[in-house]
Amino acid sequence: MPEGQIDEPAYDPADGRTDRRPAGELEAGVLAALWAADGPLTPGAVQLELGNGLARTTVTTILTRLHAKGVVTRARSGRGYAYAPAQDSHGLTARRMHAELDKDEDRGTVLARFVSDLSPEDEQLLRSLLDGSGAQGGTP
């Protein structure tokens, strides 16, 4: 294996744990690379953009999982695929918020608690968006 390439998480026999990245960190890095690109990227190109020693197969696995989740699109590129984000980072955040909301049967309570925890500035922004007077991508 090339020097610096990560194959498996390091195992610490002292506590029986592995040194793992926080959940979603690799996906976030891959998405950041795709958002920064001028067009679709192959797994090898994403690997080069990340520059953190990940194996190409690891990057391919992450991209495949993101595709299965509908977060990225892919198109044939030679024998493999080139990937692109399905939406920008704001759209992905909104999608995640909807997914969380869909997990609870009592949407009213969830939304009420969400709104009650908003800062005064966010509450005003939400009010202006609901009234149709706020800008979609920024402050009122």
Side-chain angles (χ1 to χ4, degrees):
M1 175 181 329
E3 185 177 330
Q5 189 166 336
I6 299 169
D7 185 24
E8 295 181 359
Y11 177 74
D12 183 351
D15 65 6
R17 297 176 44 165
T18 57
D19 292 333
R20 300 201 71 137
R21 291 175 184 84
E25 182 180 307
L26 289 177
E27 286 185 358
V30 167
L31 281 170
L34 291 173
W35 284 320
D38 292 331
L41 297 177
T42 63
V46 172
Q47 178 190 27
L48 290 174
E49 288 296 317
L50 293 174
N52 59 4
L54 287 176
R56 187 190 50 77
T57 54
T58 301
V59 174
T60 301
T61 298
I62 294 164
L63 287 164
T64 301
R65 289 178 182 166
L66 289 170
H67 180 260
K69 294 177 184 180
V71 176
V72 300
T73 61
R74 68 183 183 189
R76 277 280 177 201
S77 177
R79 292 180 12 192
Y81 292 99
Y83 295 83
Q87 52 197 185
D88 65 12
S89 64
H90 303 301
L92 180 58
T93 300
R95 178 183 169 151
R96 288 177 177 156
M97 292 169 70
H98 279 285
E100 287 301 314
L101 185 59
D102 290 343
K103 290 178 184 177
D104 200 298
E105 292 179 16
D106 190 354
R107 295 174 76 92
T109 299
V110 173
L111 286 169
R113 293 211 179 142
F114 176 77
V115 170
S116 70
D117 289 338
L118 290 175
S119 69
E121 296 81 16
D122 285 343
E123 184 178 341
Q124 183 57 44
L125 176 57
L126 182 58
R127 284 184 192 283
S128 65
L129 289 169
L130 291 172
D131 292 341
S133 60
Q136 183 101 29
T139 58

**Student:** Can you tell me how far CG of Leu63 sits from OH of Tyr81, rounded to the nearest 0.5 angstrom?
**Tutor:**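 Separation between the atoms: 12.5 Å.
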
**Student:** To the nearest 0.5 Å, tell me how far Thr73 OG1 sits from Gln87 CD.
**Tutor:**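 CD of Gln87 is found 10.5 Å from OG1 of Thr73.
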
**Student:** Looking at every non-hydrogen atom in both residues, tell me the closest pair between Ala33 and Leu50 and how far apart they are.
**Tutor:**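 Taking Ala33 first and Leu50 second, the nearest heavy atoms are CB-CD2, 4.3 Å.
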
**Student:** Val115 and Met97: same hydrophobic cluster, using ILVMFWY side-chain contacts below 4.5 Å?
**Tutor:**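 Looking at the clustering, Met97 is in the same group as Val115.
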
**Student:** Quick one: closest heavy-atom pair of Gly70 and Ala86, and the distance?
**Tutor:**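 It is O-CB, 3.5 Å.
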
**Student:** Are Thr64 and Tyr83 close enough, and set up right, to give a side-chain contact (heavy atoms from CB on, under 4.5 Å), and what steps lead you there?
**Tutor:** CA-CA 9 Å; Thr64 301; Tyr83 295 83; 4.0 Å; yes

**Student:** Work out which heavy atom in Asp102 is nearest to a heavy atom in Arg107; give both atom names and the distance.
**Tutor:**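 In this case the closest contact between Asp102 and Arg107 is OD1-NH1, 2.7 Å.
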
**Student:** If you look at every heavy atom in Pro85 and Leu34, which pair is closest and at what distance?
**Tutor:**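 The answer is CD-CB, 3.7 Å.
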
**Student:** If every non-hydrogen atom of Val71 is compared with every non-hydrogen atom of Arg95, which pair is closest and at what distance?
**Tutor:**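 Heavy atoms of Val71 and Arg95 come nearest at N-NH1, 4.1 Å.
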
**Student:** Taking all non-hydrogen atoms of both residues into account, name the closest pair between Gln47 and Ala55 and its distance.
**Tutor:**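 Closest pair (atom of Gln47, atom of Ala55, distance): NE2-C, 3.8 Å.
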
**Student:** Answer yes or no: is there an ion pair linking Glu100 with Arg96, defined by an N-O contact shorter than 4.0 Å?
**Tutor:**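 No.
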
**Student:** So, taking the atom named OG1 in Thr109 and the one named CG in Asp104, what distance separates them when rounded to the nearest 0.5 Å?
**Tutor:**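 Answer for the OG1-CG pair, Thr109 versus Asp104, is 7.5 Å.
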
**Student:** Identify the residue among Leu26, Val46, Val30 that makes a side chain to side chain contact (heavy atoms under 4.5 Å, CB included) with Leu54.
**Tutor:**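 Answer after filtering Leu26, Val46, Val30: Leu26.
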
**Student:** Taking atom CZ as the centre, does Arg113 end up with more than 12 heavy-atom neighbours from other residues, nucleotides or ligands that are less than 6.0 angstrom away?
**Tutor:**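 It does not: Arg113 CZ has 12 such atoms or fewer within range.
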
**Student:** How long is the straight-line distance from NZ of Lys103 back to CD of Glu105, given to the nearest 0.5 Å?
**Tutor:**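 Answer for the CD-NZ pair, Glu105 versus Lys103, is 14.0 Å.
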
**Student:** Between atom CG of Leu92 and atom CH2 of Trp35, what is the distance when rounded to the nearest 0.5 Å?
**Tutor:**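 Reported to 0.5 Å precision, the distance equals 5.0 Å.
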
**Student:** Can you tell me how far apart OG1 (Thr93) and CG (Asp88) are? Round to the nearest 0.5 Å.
**Tutor:**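 Here the rounded value is 8.5 Å.
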
